[in-house]
Chemist: 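Below are the structure tokens for one structure; questions will follow.
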Number of protein chains: 2
Amino acid sequence: MTQRREQRAADWLAAAGLRPTRARLVLATLLVGDGRDRHVTAESLFEAAAGGDEAVSLATVYNTLRLFCSAGLLREIMVDGARVYFDTNMTDHPHFFWEDSATLSDAPKEELEIRRLPMAPMGAEIAAVDVVIRLRSKSG
Amino acid sequence: MTQRREQRAADWLAAAGLRPTRARLVLATLLVGDGRDRHVTAESLFEAAAGGDEAVSLATVYNTLRLFCSAGLLREIMVDGARVYFDTNMTDHPHFFWEDSATLSDAPKEELEIRRLPMAPMGAEIAAVDVVIRLRSKSG
DNA sequence: TTAAGTGCAAATTATTTGCAGTAAG
DNA sequence: CTTACTGCAAATAATTTGCACTTAA
């Protein structure tokens with residue numbers, strides 16, 4: 001179980017050609033160890049690592065998240081002006097953003113149907129399409 | 001001309017029941033004076049005001065943008081992890097985000113057709129739907 | 001007159017960086 | 001061995017806040 005989690009993390013790093021260092025394995029295990037998609041901020045991941053017994057410094061968490069991102073392992077989601085979120089699910093898919101708690105979750109991709117999309121202007125190409133559905137709790 | 005720009009700004013404030021103070025008029029004139037939609041950051045608006053002869057302090061620009069937002073005059077767009085953008089166009093419409101220059105522009109609304117959208121989970125309602133089309137300049 | 005608005009400077013928060021020590025290939 | 005990685009602490013950047021002063025109603 002723990003073995004398998006770490007194996008998954010190691011494979012994930014290997015797939016991107018990244019060295020399996022201690023910090024990277026700790027963070028990768030938290031990110032993809034159980035194979036489910038996850039949304040983290042640097043802070044939340046830092047706390048998760050510290051909560052286990054495998055602390056990683058906050059600076060390294062930041063650096064490592066950026067590294068995973070540029071290696072194509074994570075996707076950056078911009079949803080909150082203040083915080084940056086990272087998603088282990090690399091495909092274009094919609095997100096729910098809970099304004100009350102500032103948390104992020106996947107929205108069911110099958111339920112989004114974009115029929116037509118504006119074309120990229122001349123000389124540009126579409127890098128990604130972010131769809132964020134902002135939710136507020138129904139008060140009335 | 002300048003008269004009309006200021007009149008538009010004053011009307012815009014009045015519509016939201018906000019006092020037409022000096023700082024607000026200066027900023028509102030820059031935002032809606034010519035009736036075109038505009039995307040600003042606190043910094044860019046601060047510079048625009050300083051570039052004219054009607055300086056407004058940066059802190060006040062921040063406070064005023066937030067105020068306009070909560071008064072329903074502006075819409076906050078979250079697109080870049082670091083900066084917050086404000087849009088004078090309050091309708092749900094897609095944006096182009098130019099990754100190279102970190103600038104934002106409207107994408108033609110007619111060219112976006114969302115056929116189906118995920119439902120809000122129980123107890124929540126959709127506050128807004130942000131569609132951001134990230135562009136990178138075609139290098140190849 | 002008086003509650004609301006403004007500006008300054010200081011505080012806060014998220015993120016990045018320089019650099020000396022440590023570990024992976 | 002040698003280059004890349006890590007962690008600390010200090011630096012940076014965007015934004016917010018406390019408070020004394022000013023202004024609109």
Side-chain angles (χ1 to χ4, degrees), chain A residues 6 9-10 13-14 16-30 39-50 52-71 73-74 76-86 97 101-104, chain B residues 6 9-14 16-30 39-50 52-71 73-74 76-86 102-104:
Chain A
E6 278 154 17
L13 293 176
L18 297 178
R19 282 193 190 174
T21 65
R22 190 191 73 89
R24 290 178 190 170
L25 279 169
V26 170
L27 300 180
T29 302
L30 290 168
H39 304 90
V40 303
T41 61
E43 193 68 32
S44 76
L45 190 58
F46 169 74
E47 280 163 14
D53 43 15
E54 289 283 38
V56 177
S57 85
L58 186 54
T60 298
V61 174
Y62 274 105
N63 292 335
T64 304
L65 283 174
R66 285 257 106 87
L67 177 76
F68 287 177
C69 235
S70 62
L73 291 174
L74 291 181
E76 198 173 341
I77 308 172
M78 259 102 48
V79 70
D80 177 322
R83 235 171 290 272
V84 179
Y85 290 77
F86 297 89
F97 179 65
S101 56
T103 53
L104 197 65
Chain B
E6 279 155 16
D11 292 347
W12 191 64
L13 293 177
L18 297 178
R19 282 196 191 174
T21 66
R22 189 189 74 88
R24 289 179 191 168
L25 280 168
V26 170
L27 300 180
T29 301
L30 290 168
H39 304 90
V40 302
T41 61
E43 193 68 32
S44 75
L45 189 57
F46 169 74
E47 280 163 15
D53 43 16
E54 290 282 38
V56 177
S57 86
L58 186 54
T60 297
V61 173
Y62 274 104
N63 292 334
T64 304
L65 284 174
R66 286 257 106 87
L67 176 77
F68 287 177
C69 235
S70 62
L73 291 174
L74 291 181
E76 197 173 341
I77 308 173
M78 259 102 46
V79 70
D80 176 320
R83 234 172 293 271
V84 179
Y85 291 77
F86 296 90
T103 52
L104 197 66

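Letters A, B, ... mirror the listed sequences (proteins, then strands); counts begin at 1. Keep in mind that the numbers below use all heavy atoms, side chains included, and drop hydrogens, waters and symmetry copies.
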Chemist: Looking at every heavy atom in both A:Pro20 and A:Leu13, which two are closest together, and how far apart are they?
Modeler: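 Minimum heavy-atom contact is CA-CD1, 3.9 Å.
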Chemist: Can you measure B:Leu58 atom CG to D:dA14 atom C1' for me and round it to whole angstrom units?
Modeler: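 One finds 9 Å between C1' of D:dA14 and CG of B:Leu58, rounded.
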Chemist: In whole Å, I'd like the distance from the OH atom of A:Tyr62 to the P atom of D:dC8.
Modeler: 16 Å
Chemist: Give a yes/no on whether any side-chain N or O of B:Arg22 is located under 4.0 angstrom from OP1 or OP2 of C:dT6.
Modeler: no
Chemist: C:dC19 P sits how many Å from A:Asn63 CG, rounded?
Modeler: 15 Å
Chemist: Round to a whole Å and report the spacing from CZ of A:Phe46 to C1' of C:dT13.
Modeler: 15 Å
Chemist: Which sits closer to the 5' end of DNA chain D, B:Thr21 or B:Thr41, going by the nucleotide each is nearest to?
Modeler: B:Thr41
Chemist: Is the phosphate of C:dT16, meaning OP1 or OP2, less than 4.0 Å from a side-chain N or O of A:Arg66?
Modeler: yes
Chemist: For D:dT6, does either OP1 or OP2 sit under 4.0 Å from a side-chain N or O belonging to A:Thr60?
Modeler: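 So the side-chain polar atoms of A:Thr60 never come under 4.0 Å of the phosphate oxygens OP1 or OP2 of D:dT6.
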Chemist: Could you report the tightest heavy-atom contact between B:Ala49 and B:Leu27, atom names first, then the distance?
Modeler: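 Minimum heavy-atom separation between B:Ala49 and B:Leu27: CB-CD2, 4.3 Å.
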Chemist: Would you name the heavy atoms of A:Glu76 and A:Cys69 that are closest together and state the gap between them?
Modeler: N-SG, 3.8 Å
Chemist: NA contact type, A:Ala23, heavy-atom cut-off 4.0 Å: base, sugar-phosphate, or nothing?
Modeler: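 It contacts sugar-phosphate atoms only.
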Chemist: What is the distance, to the nearest angstrom, from the CG atom on B:Leu25 to the C1' atom on C:dT6?
Modeler: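 In whole Å, C:dT6 C1' and B:Leu25 CG are 14 Å from each other.
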Chemist: Check the distance between D:dT2's P and A:Arg19's CZ and give it to me in whole angstrom.
Modeler: 14 Å
Chemist: Could you report the tightest heavy-atom contact between A:Ile77 and A:His39, atom names first, then the distance?
Modeler: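 Minimum heavy-atom separation between A:Ile77 and A:His39: CD1-CD2, 4.0 Å.
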Chemist: Over how many whole Å does the gap from A:Arg24 atom CZ to D:dC5 atom C1' extend?
Modeler: 6 Å
Chemist: Output the rounded distance in Å from CG (B:Leu67) to C1' (D:dT16).
Modeler: 15 Å
